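The shown structure was predicted, so the numbers you read here are calculated from the model rather than taken from an experiment. Below, chains carry the letters A, B, ... as their sequence lines are ordered, and counting in each starts from 1.
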There are 2 protein chains.
Amino acid sequence: MTIYDISEKAGVSIATVSRVLNGSSNVSEKTKKKVLDVINQYEYTPNAFARGLGLNTMKTIGILCPDSSDLYLAKAIYYIERKLRANGYDSILCCSGYDLETKKSSLNLLITKKVDGIILVGSSYIYEKDTDNKYICDAALQVPVMLLNAALDAPNVYSVVSDDFTSMYEATLQMINSGVKDPLYFYNSTSYSGKKKLAGYRAAMESKKLLKSGNMLQLYQGSHEDVPAMAEHLSKLAAKGVIFHGVIASDDTMALGAMKYAKENGLRVPEDLAIIGYNNSMLTDCCDPGLSSIDNKLETLCQHLITTLMGVLNGTEMPKQTLFSGELIKRGTTLD
Amino acid sequence: MTIYDISEKAGVSIATVSRVLNGSSNVSEKTKKKVLDVINQYEYTPNAFARGLGLNTMKTIGILCPDSSDLYLAKAIYYIERKLRANGYDSILCCSGYDLETKKSSLNLLITKKVDGIILVGSSYIYEKDTDNKYICDAALQVPVMLLNAALDAPNVYSVVSDDFTSMYEATLQMINSGVKDPLYFYNSTSYSGKKKLAGYRAAMESKKLLKSGNMLQLYQGSHEDVPAMAEHLSKLAAKGVIFHGVIASDDTMALGAMKYAKENGLRVPEDLAIIGYNNSMLTDCCDPGLSSIDNKLETLCQHLITTLMGVLNGTEMPKQTLFSGELIKRGTTLD
DNA sequence: GCATTTTATGAAACTGCTTACATCGTTATT
DNA sequence: AATAACGATGTAAGCAGTTTCATAAAATGC
């Protein structure tokens, strides 16, 4: 069933059918009804490819993320997909892995598929070296590129970021003020937001003259979810004689590893060991006491990201970078 | 840059360029190289819409799932996306929610987008009443429909299922044999696999003459992730005088709720309370002791699903239904 | 009541690619 | 050497829409 069949059965030209289909004005009520009746009768839907060819868009946004099964990224993808669809767009999902080369090729694939815009989910897409970020600039030459929790100053690239520095700064300060003078900081990524978080911890510790370089520990290179590994790492540290009464982790999974360590070693949480996680994920409810964690308002970020993207696609001038503040959600693993 | 530009610059016809592009034979090495050079020089990529129109496919598979942020579904989506892409297909992701009407419209949307096939992720798409499943049969009239962890006997519908009945049967038996004569069963979904799991528990309990109707409890209608709610629910049961020394849950989240309950009430796990979860997710590592859980070989299921889909798309005869067995992974929450 | 504007409609060009068919030069067959 | 078969290439007809432009019809102005 094509537009020709419909036009024939309705006794009008294909142009008129097209106008009805696209809600164009300049169609009399009478013919409109006539055409609509035929369309409904035959359950006709216009061919998306032909439409795409004519309009040069299929109303599709590419979502690129390193690992869609990651708790936090999955949540982001979920919000993004829902909000895109509410705006009449579909999402094509592409998992790129953490490796630069596969990121590049995934990004190109999305462009080849003629998406209207691309959303890079997570901060792992931005590299230290500017030359490594060229692949994003190249993509932005074709379609607007949105960054979630990362920023890059380049034409046609827009960023929506949570203020990880301040969040971590304040969380660290809170822990210090609650009496913990030696909190360890654990991270596994040195990505855009990873660096900000680390800097926040560092700044807070420095402001209280408590910073020791050995207090900042990278568990993994890249991103991993491994609760037992974190517990084990802490055990080894303790065995080495490192003394600590607090753990601040750059994600909830590692914080849960600290919980496990505390449980295994008979430490009371938070009295003997205070713990703060990051992302305020469902994991915060998975332990006892509940895990205090920093909420970076993911849904708000995503909402804003989509709003911005829609604006850009409409040709509206939009802010190139937006920053939202996070918030420490206190549960049972922190002292007052 | 179009195929016309390339053909002109290479001094050949567009047909020849197209042949080179599609790796068709019957192009002399000389012209092939000539065309390829021009293509590379101008970084030409064929227009995907035009291609789609001509070939009537854009090599895209629709993935429908109720909630892509669900731990288990997110994992499934991840596997599926990766394997699809390894086969040269892209995925358009669509979150439908749990409501039948939105499922219907989401499914139609995918078909409108002219995907080559549709994968329904999770068992919530299959309903008790056959009339409620008609929307799937309708979709299957257009493109092959693959069901993950659900089955429907209909033309052009293929199912890949884990043997939840047996898994749950054996897990329940294991718990009984370990000495727990009164395990409670918790579920929140009466979907396809939800029913199988429940039946497995029921069969095992009946075989030992231990079944009591009050032992099977539905925490929520539909699917939810709520650890504290589960803990609270158990507290209330205990307060009412219900006696139980084991909990079998139809997902890990609820099992974790049982862990929380045990911890809050000073119960030893597994001595006072044995616990078995389902899905063998990362949550099993998030508590101490580690949660015993049923692994239903999700990656294997996904692999098989994609293999089947690819076969179907190639016109090969493929099995309409495949069943894989699961396995209880024993960690610390079960007795021997 | 005639000129002018507005509204409704259709014809045809256009989007960029695939492919069936035609053509032509070149080997292989007898 | 004539003919058949084949390989390489081009021509042109799809694919199924959108949209510009022309035109006819209706509504408005004076």
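Under the 4.5 Å side-chain criterion, counting only non-hydrogen atoms from C-beta, A:L309 is in contact with A:I61. B:I80 is listed as a side-chain neighbour of B:I306, based on a closest heavy-atom distance under 4.5 Å.
The side-chain tip of B:K9 points at the ring of B:Y42 from less than 6.0 angstrom away and within 45° of straight on.
Atom NZ of B:K297 has more than 12 heavy atoms from other residues, nucleotides or ligands within 6.0 Å.
With sequence neighbours excluded, the residues that form a side chain to side chain contact (heavy atoms under 4.5 Å, CB included) with A:S18 are A:I3, A:N22. Residues forming a side chain to side chain donor-acceptor pair (under 3.5 Å) with B:D90 (at least two apart in sequence, or on another chain): A:K113. Under the side chain to side chain contact (heavy atoms under 4.5 Å, CB included) criterion, A:K75 pairs with A:Y79, A:L298, B:S69, not counting sequence neighbours. Here B:T57 pairs with B:D116 under the side chain to side chain donor-acceptor pair (under 3.5 Å) rule; sequence neighbours left out. Checked against side chain to side chain contact (heavy atoms under 4.5 Å, CB included), A:T316 has the following partners two or more places apart in sequence or in another chain: A:N314, A:M318. For A:S28, the side chain to side chain donor-acceptor pair (under 3.5 Å) partners are A:T31, not counting sequence neighbours. Among residues two or more places apart in sequence or in another chain, the side chain to side chain donor-acceptor pair (under 3.5 Å) test is passed with B:S91 by none. A search for ring pair (Phe, Tyr, Trp, His ring centres under 6.0 Å) contacts involving A:Y4 returns nothing, not counting sequence neighbours.
Protein atom CG of B:D5 is 9 Å distant from nucleotide atom P of C:dC17, rounded to whole Å. Atom CD1 in B:I39 sits roughly 14 Å away from atom C1' in C:dG16 (whole-Å rounding).
Two end axes, each from the C1' atoms of five base pairs, can be drawn for the helix from C:dG1-D:dC30 to C:dT30-D:dA1; they diverge by 30°, to 10 degrees.
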Could you run through nucleotides 14-28 of chain D and give me one letter per nucleotide, 5' to 3': B if any protein heavy atom sits under 4.0 Å from the base, S if only the sugar-phosphate is that close, - if neither? -BBBBBB--------
Protein-nucleotides 5-8 of chain C N/O pairs under 3.5 Å:
none

N/O-N/O pairs, protein side and nucleotides 23-26 of chain C side, under 3.5 Å:
none

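Checking A:Y125 against A:S96 by side-chain atom types alone, a donor-acceptor pair falls below 3.5 Å.
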